[in-house]
Amino acid sequence: MTEQPIAPMLSVVVPCYNERPNVAPMIAKLDAALAGIAWEVIYVDDNSPDGTAAEVRRIAQTDPRVRCIRRVGRRGLASAVIEGALSSSAAYVACIDGDLQHDETRLPIMLEALHSGEYDLAVASRHVEGGDNAGLAGRWRHFLSDGGIKLSQMFLPVKLTDPMSGFFMLPRALFEELAGGLNGQGFKILLDLVLSSPAPLRVKEVPATFRERVAGESKLDMLVMLQFGGLLLDKICGGLLPLRFISFALVGSLGVLVHLAVLTALRKTTGMDFEIEQAIGTVFAMIFNFKLNNSITYRDQRMRGPRLWRGLVLFVVVCGVGAVANVGIANALYQTHTGWTTAGAIGAIIGVVWNYAVSATLVWRAR
Ligand code: GDD
Ligand code: MN
């Protein structure tokens with residue numbers, strides 16, 4: 001221990017989930033690309049079952065530039081990036097995928113652009129001269145990616161040819177400034193940053209190619225797409241309604257459809273009392289809502305195993321109380337000569353707000 005360690009100037013944040021085979025090659029590539037720069041890499045792993053975190057720590061034993069944050073009970077690319085970046089003390093933070101799809105040789109170019117002081121944000125873009133998106137798997141992904149770009153460009157305060165890029169760099173101080181306003185859900189942290197900034201950011205776009213994934217598989221699925229829609233909605237509404245509430249309410253309206261479908265089927269096929277059929281429909285809708293909320297609204301805190309069952313029971317109790325309140329209040333209003341639509345709507349709104357507020361604290365309580 002004679003040599004003075006040098007504080008890193010650049011923290012490279014790598015969100016990762018099941019990327020074990022990519023860890024060692026990625027660090028070797030960073031080492032080559034960032035020669036002459038004091039850097040560190042911060043892996044943020046969501047407790048990957050394939051042992052990604054253990055692999056990072058193994059390398060960290062002999063390389064102090066390598067760090068690992070292992071999160072348990074949570075999932076999400078954007079929130080992983082936020083936590084990684086906030087754990088940095090370097091002058092600049094970069095975010096890059098851990099599957100070797102991003103071209104790490106762009107990092108010094110991005111750093112130079114920021115260092116000049118002329119820019120607040122450097123983004124690797126697949127859609128400027130010299131960039132390439134060939135690695136995106138399949139026509140469907142290209143279609144979605146291009147559509148997402150068009151959609152988000154409508155709301156962007158700055159010109160970004162690749163707002164969906166997951167590869168960018170900015171001064172850590174700026175990240176810390178913006179961190180409080182970030183939504184943190186889903187995949188699109190860059191978009192979130194740009195939309196959260198009170199003043200338009202000065203953006204430098206660096207052409208980059210998107211390589212094909214060699215090992216492991218992509219985690220982008222239908223739910224991630226939904227979250228992307230939610231992020232835009234949240235930003236458009238100026239954060240007025242919590243995103244979770246919107247999701248919860250949408251799930252609830254689907255639940256109404258399930259309820260009606262079950263009721264119709266029972267009416268047509270059985271000769272049971274209406275109250276019994278109604279009760280069965282309600283139970284089906286509650287289970288459906290619970291499942292959907294657990295996988296979409298509370299994706300980042302999804303319950304599994306025994307906790308799932310306890311959660312379901314609690315959810316049914318909470319929503320049962322919500323339903324009683326809903327019907328009771330609507331009834332009382334109706335008795336006092338409020339129109340039936342108004343009475344019904346007020347009852348329903350009170351019901352959904354109750355269900356949301358109480359299930360957020362009791363069922364999916366933040367740990
Ligand atoms: N910690 C954590 N938690 N990391 C995650 C999670 C998660 O829930 N989901 C994905 N990751 C990590 C992956 O391990 C990978 O390192 C990186 O985030 C990107 O995930 P991929 O699943 O490989 O994404 P992709 O290749 O489909 O999407 C890429 O293209 C998009 C543009 O089309 C990414 O680069 C995106 O960032 C980019 O926006
Ligand atoms: Mn990828």
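Predicted model, so just to flag it, every value in this text is computed and none were measured. Just follow the structure's listing: the first ligand is 1, and inside any ligand the first atom is 1. When reading the values below, keep in mind they use all heavy atoms of this one structure, side chains included, and skip hydrogens, waters and symmetry mates.
Ring to ring, Trp39 and Tyr92 are not that close: their centroids are 6.0 angstrom or more apart. Outside the 6.0 Å centre-distance limit, the rings of Phe284 and His259 are not counted as a close aromatic pair.
Any N or O atom pair closer than 3.5 Å counts here, and Ala80 shares no such pair with ligand 1. The distance criterion of under 3.5 Å between nitrogen or oxygen atoms is not met by Ser165 with respect to ligand 1.
Under a 4.0 Å criterion applied to the non-hydrogen atoms of Cys16, ligand 1 contributes the atoms 1 (N), 2 (C), 4 (N), 12 (C), 14 (O). Contact atoms of ligand 1 toward Arg213: 21 (P), 22 (O), 23 (O) (distance under 4.0 Å to a heavy atom of the residue). Listed by atom number, the atoms of ligand 1 under 4.0 Å from Gly166 heavy atoms are 37 (O), 38 (C), 39 (O). Below 4.0 Å from some heavy atom of Phe210 lie the following atoms of ligand 1, by number and element: 26 (O), 29 (C), 30 (O). Within the listing of ligand 1, atoms 35 (O) sit less than 4.0 angstrom from a heavy atom of His102. Set against the non-hydrogen atoms of Glu19, the atoms of ligand 1 under 4.0 Å away are 13 (C), 14 (O), 15 (C), 16 (O). The Gly76 neighbourhood of ligand 1 comprises atoms 3 (N), 7 (C), 8 (O), with distances under 4.0 Å to a heavy atom of that residue.
Ranking protein heavy atoms by distance to atom 1 (N) of ligand 1, first place goes to Val44 O, 3.0 Å. The shortest contact between atom 3 (N) of ligand 1 and any protein heavy atom is with Asp46 OD2, 2.7 Å. The shortest contact between atom 31 (C) of ligand 1 and any protein heavy atom is with Lys188 NZ, 3.6 Å. The protein heavy-atom contact nearest to atom 22 (O) of ligand 1 is Lys219 N, 2.5 Å. Of the protein's non-hydrogen atoms, Met164 O, 2.2 Å is the one closest to atom 39 (O) of ligand 1. At the shortest separation from atom 34 (C) of ligand 1 among protein heavy atoms lies Asp97 OD2, 2.7 Å. Of all protein heavy atoms, the one lying nearest to atom 26 (O) of ligand 1 is Gln101 OE1, 2.8 Å. When hydrogens are left out, the protein atom nearest atom 5 (C) of ligand 1 is Tyr17 CB, 3.8 Å; that is the closest non-hydrogen contact.
Residue Arg126 touches ligand 1 through its side chain alone, judged by heavy-atom distances below 4.0 Å. Contact annotation for Ser218 and ligand 1: heavy atoms of both the backbone and the side chain come within less than 4.0 Å of the ligand.
Ion pairing of Arg211 with Asp103 is present here, as a side-chain N (NZ or NE/NH1/NH2) and a carboxylate O approach within less than 4.0 Å. Classification of Lys204 and Glu118 as a salt-bridged pair fails, no side-chain N sitting under 4.0 Å from a carboxylate O. Under a 4.0 Å N-O distance rule, the pair Glu176/Arg172 qualifies as a salt bridge. The existence of a salt bridge linking Asp300 and Arg75 is excluded, since no basic side-chain nitrogen approaches an acidic carboxylate oxygen closer than 4.0 Å. The pair Asp46-Arg71 counts as a salt bridge, with a side-chain nitrogen and a carboxylate oxygen less than 4.0 angstrom apart. Between Arg126 and Asp162 a salt bridge is recorded (basic side-chain N to carboxylate O distance below 4.0 Å). For Arg74 and Glu83, the salt-bridge test passes: some basic side-chain N is under 4.0 Å from an acidic carboxylate O.
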Apply the test ring-ring contact (aromatic ring centres under 6.0 Å, His included) to residues Phe290 and Trp364: give CA-CA distance (whole Å), side-chain angles for both, the deciding distance (0.1 Å), then the verdict. CA-CA 11 Å; Phe290 176 74; Trp364 288 276; 5.5 Å; yes
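In this structure, Arg202 contributes its side chain and Leu121 its backbone to no donor-acceptor pair below 3.5 Å. Listed for the Asp45 side chain is a donor-acceptor partner under 3.5 Å among the backbone atoms of Ser48.
Residue contacts with ligand 1 do not include Phe167, since none of its heavy atoms lies under 4.0 Å from the ligand. Using a 4.0 angstrom heavy-atom cutoff, Arg71 does not count as in contact with ligand 1.
Rounding to 10 degrees, one finds that the Mn ion (ligand 2) sits at the corner of an angle of 90° between Asp99 OD2 and Gln101 OE1.
Residues His115 and Met9 have side chains in contact (heavy-atom distance under 4.5 Å, counting atoms from C-beta outward).
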